[in-house]
Number of protein chains: 4
Amino acid sequence: MAIYTATLHLNEDLGFTGMTMAKIAKEAGIATGTLYVYFKNKHELINSLYLYLKKQKAKNILYELNLNQPYKALFKSLFISSIANAIADFRESAFLEQYYRSPFINESVKIEGMQPFTPIFQIIEEAKKDLVIKDVDTAYIFSCLNGLLNEFTKSMKENQISWNESSQQIMFDMLWGSIKN
Amino acid sequence: MAIYTATLHLNEDLGFTGMTMAKIAKEAGIATGTLYVYFKNKHELINSLYLYLKKQKAKNILYELNLNQPYKALFKSLFISSIANAIADFRESAFLEQYYRSPFINESVKIEGMQPFTPIFQIIEEAKKDLVIKDVDTAYIFSCLNGLLNEFTKSMKENQISWNESSQQIMFDMLWGSIKN
Amino acid sequence: MAIYTATLHLNEDLGFTGMTMAKIAKEAGIATGTLYVYFKNKHELINSLYLYLKKQKAKNILYELNLNQPYKALFKSLFISSIANAIADFRESAFLEQYYRSPFINESVKIEGMQPFTPIFQIIEEAKKDLVIKDVDTAYIFSCLNGLLNEFTKSMKENQISWNESSQQIMFDMLWGSIKN
Amino acid sequence: MAIYTATLHLNEDLGFTGMTMAKIAKEAGIATGTLYVYFKNKHELINSLYLYLKKQKAKNILYELNLNQPYKALFKSLFISSIANAIADFRESAFLEQYYRSPFINESVKIEGMQPFTPIFQIIEEAKKDLVIKDVDTAYIFSCLNGLLNEFTKSMKENQISWNESSQQIMFDMLWGSIKN
DNA sequence: CATGAATGAGCTTTCATTCAT
DNA sequence: AATGAATGAAAGCTCATTCAT
């Protein structure tokens, strides 16, 4: 939707602070008032966009994921496609990161945003049971996945890490080293 | 300084957006105008606080670090004291994370904020040379350190991970698994 | 326009210093924010009003001026209608005089404000060529016109000089005495 | 006095609006609080400076004026020394002009500022009685003197009129043409 | 007398939101 | 549904003035 695209674009250029309703409307090529036809207020627009991005992201990562492969390969697919998705649109990461610390977020939206990623939690649980990855609380595993994903993405955005077969292998090796049993 | 403390406190409660000069002043127990005696404008206040926190952090982590120990022990000291420092004041992490995406940041401040951490980069370089950790671009190593640090801290803040000998060991094992040669 | 009228009114009562955006809006019967719909900022509002008044003034003075009359009659028409225009709205003179010394003025606006008065300069040049008025730099002639205009207007505002056939004759005689050849 | 000089200097550079107590103090090389040792408030500082300048001006013009000369020569002395005084320090004119339209002025100060100039009014009265200048209300005569003085001074400041024997003669001829009988 | 840090009322400006069209 | 002019609360910031030293 044009409004979502405009919001992401503006967030990239001006940050959460500079992202006004007037500018979003202008960027989307509509009148300010029209925004309020589609969203009750700014709060709702931001929250909707958040959930939209989360769902989109889950879909992109999980849609073509082949579950019938060894765990190590499965985790590699998962991790690499997550990074691929993030660098495909840095604007999304920029938005999600700021949203997380914004006054717009609330517990229920946070939970709703997690929902589409439940398959990943299931995979982690099974891999733990099969002794392929460390048998520690899932929070640790998830922190590794997320932490490395975020920082590798940032480094790639700042051109400190490139994006090719070799770098993918390095990044996954690091992830695997941290979680494998 | 009272102004810094007030700003961090407010940021924790209301986020970057809700952090107004009037509220900072009130929280610090001074008049609005007094803020402008110490800082030319909001921009400068935020940037000063950023650099102050960065220096403080580097000092806390590096001050008592014993450099005469095997690399693995050295990295453990470094990583665990980084987390300890972060959870000692979650407000600092909350601020630093938002600052990074704010319209206040600029390249020169970013570089100035990195300066106090140069000893860590040197340690990484040496450890690579001695074949103790992976011989990959430092950006990869640094991403592991930072990424795991950030996410573990977040999980601890949300009480998904506890803070004790055992959890410290798990967290460091994960870091070490990701970077060791 | 209501905003212009309100600004002039306020300037008369409170001077340039007391002329706040809030008061202008209130006087004009609109909200403060509305001022910023029409003018980017106070600077632009003041400059727009200046140029508006200058153009208006030139139009009033020159519109019905009959160019086919002897020079002396022409100068009388010009001078008397200038004074008439000034006393018709003392607020305009009060504004223009303060604008000239304000931080709002700049060279380009000054020049733009002069433009509508070029016909007067042409008349002066021709009268000099025909030896009707003194053949001195136009700056001298213009100073006489302006200086007497300003001071006579002030005196009339303070009721030291009245406004009738007889006073008009005295004032013009003084002007003519100063510039005639 | 250093405070007066600083105020005039600042007024020239920044105008009445940009002339803050802090800046005056800094320019004068003293502390802000010290200004309030010498003047009850800004209002009084400005008014004092006004009266000081008026007295100074009257003294400069009238001090060495030789009253035993024909009226025409007397008026020339008066007019030329007035201009000389004005161009000696344009800052004074700039201040006086703005003061006149400021919220600081009041009727009693205005009258007090006129006092030192009474000799000039007497000269005008006598010249009228002796039929040397026009027998019209003194307001007309005074307007001529003041109006031409102001505008000639402005033109000289903007380098449209030079300052020498010849220009002095032109300017006085214009004044005399306007008031002579 | 002299200081200058501290004050807070009041200024300019922004922006989410409304509503008549 | 779509518009965009109008709103006014609230933001960042200034500055005449005070007062403890």
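Residue numbers start from 1 in every chain, and the chains themselves are labelled A, B, ... in the order their sequence lines are given, proteins ahead of strands.
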Discussion item. For G33(A) and G18(A), find the nucleotide of DNA chain E closest to each by heavy atoms; which residue's nucleotide sits nearer the 5' end?
Written reply: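 Of the two residues, G18(A) wins.
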Is there a side-chain contact between [X] and [Y] (heavy atoms, below 4.5 Å)?
{"X": "N150(A)", "Y": "N150(B)", "result": "no"}
{"X": "Q98(D)", "Y": "F16(C)", "result": "no"}
{"X": "T153(A)", "Y": "K157(A)", "result": "no"}

Practice prompt. Strictly below 4.0 Å, heavy-atom distances to any atom of DNA chain F: list the hits from residues 20-32 of chain D, or just say none.
Written response: T20(D), M21(D), T32(D)
Item to complete: Shoot me the first and last contacting nucleotide of DNA chain E against chain A, ordered 5' to 3', at under 4.0 angstrom to non-hydrogen atoms.
Response: dC15(E) to dT18(E)
Worksheet entry | From CE (M1(C)) to OG1 (T7(C)), nearest 0.5 Å | 10.0 Å
Worksheet, complete the sentence: Rounding to 0.5 Å, atoms CG (L45(C)) and CG (N41(C)) come to a distance of 9.0 Å
Would you name the heavy atoms of [X] and [Y] that are closest together and state the gap between them?
{"X": "I46(A)", "Y": "M19(A)", "value": "CD1-CE, 3.3 Å"}
{"X": "A28(C)", "Y": "I3(C)", "value": "CB-CA, 4.2 Å"}
{"X": "E27(C)", "Y": "A6(C)", "value": "CG-CB, 3.4 Å"}

Worksheet item: In what stems does DNA chain E take part, counting only runs of at least 3 consecutive Watson-Crick or G-U pairs whose two distances fall under 3.5 Å?
Response: E:2-21 with F:2-21
Worksheet item: Can you name the side chain to side chain contact (heavy atoms under 4.5 Å, CB included) partners of D89(A), sequence neighbours left out?
Response: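 Counting only residues at least two positions away or on another chain, D89(A) forms a side chain to side chain contact (heavy atoms under 4.5 Å, CB included) with R91(A), E92(A).
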Worksheet entry | Residues forming a side chain to side chain contact (heavy atoms under 4.5 Å, CB included) with T17(D), sequence neighbours excluded |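 By the side chain to side chain contact (heavy atoms under 4.5 Å, CB included) rule, T17(D) matches P103(C).
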Worksheet item: For Y100(D), which residues count as a side chain to side chain donor-acceptor pair (under 3.5 Å) partner, sequence neighbours excluded?
Response: E158(C)
List for me each residue that meets ring-ring contact (aromatic ring centres under 6.0 Å, His included) alongside [X], sequence neighbours excluded, and say none if there are none.
{"X": "Y52(A)", "value": "Y4(A)"}
{"X": "Y99(D)", "value": "Y50(D)"}
{"X": "H43(B)", "value": "F104(B)"}
{"X": "Y38(C)", "value": "none"}

Worksheet item: Where along residues 99-106 of chain B does a heavy atom come under 4.0 Å from DNA chain E, residue by residue in number order?
Response: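 Going residue by residue through residues 99-106 of chain B, none turns out to have a heavy atom under 4.0 Å of DNA chain E.
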Discussion item. So if I take residues 35-48 of chain D and measure heavy-atom distances to DNA chain E, which residues fall below 4.0 Å?
Written reply: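 Of all residues in residues 35-48 of chain D, the ones placing a heavy atom under 4.0 Å from DNA chain E are V37(D), Y38(D).
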Item to complete: Take atom C1' in dT21(F) and the same atom in dC1(E), then report the distance between them in whole Å.
Response: 13 Å
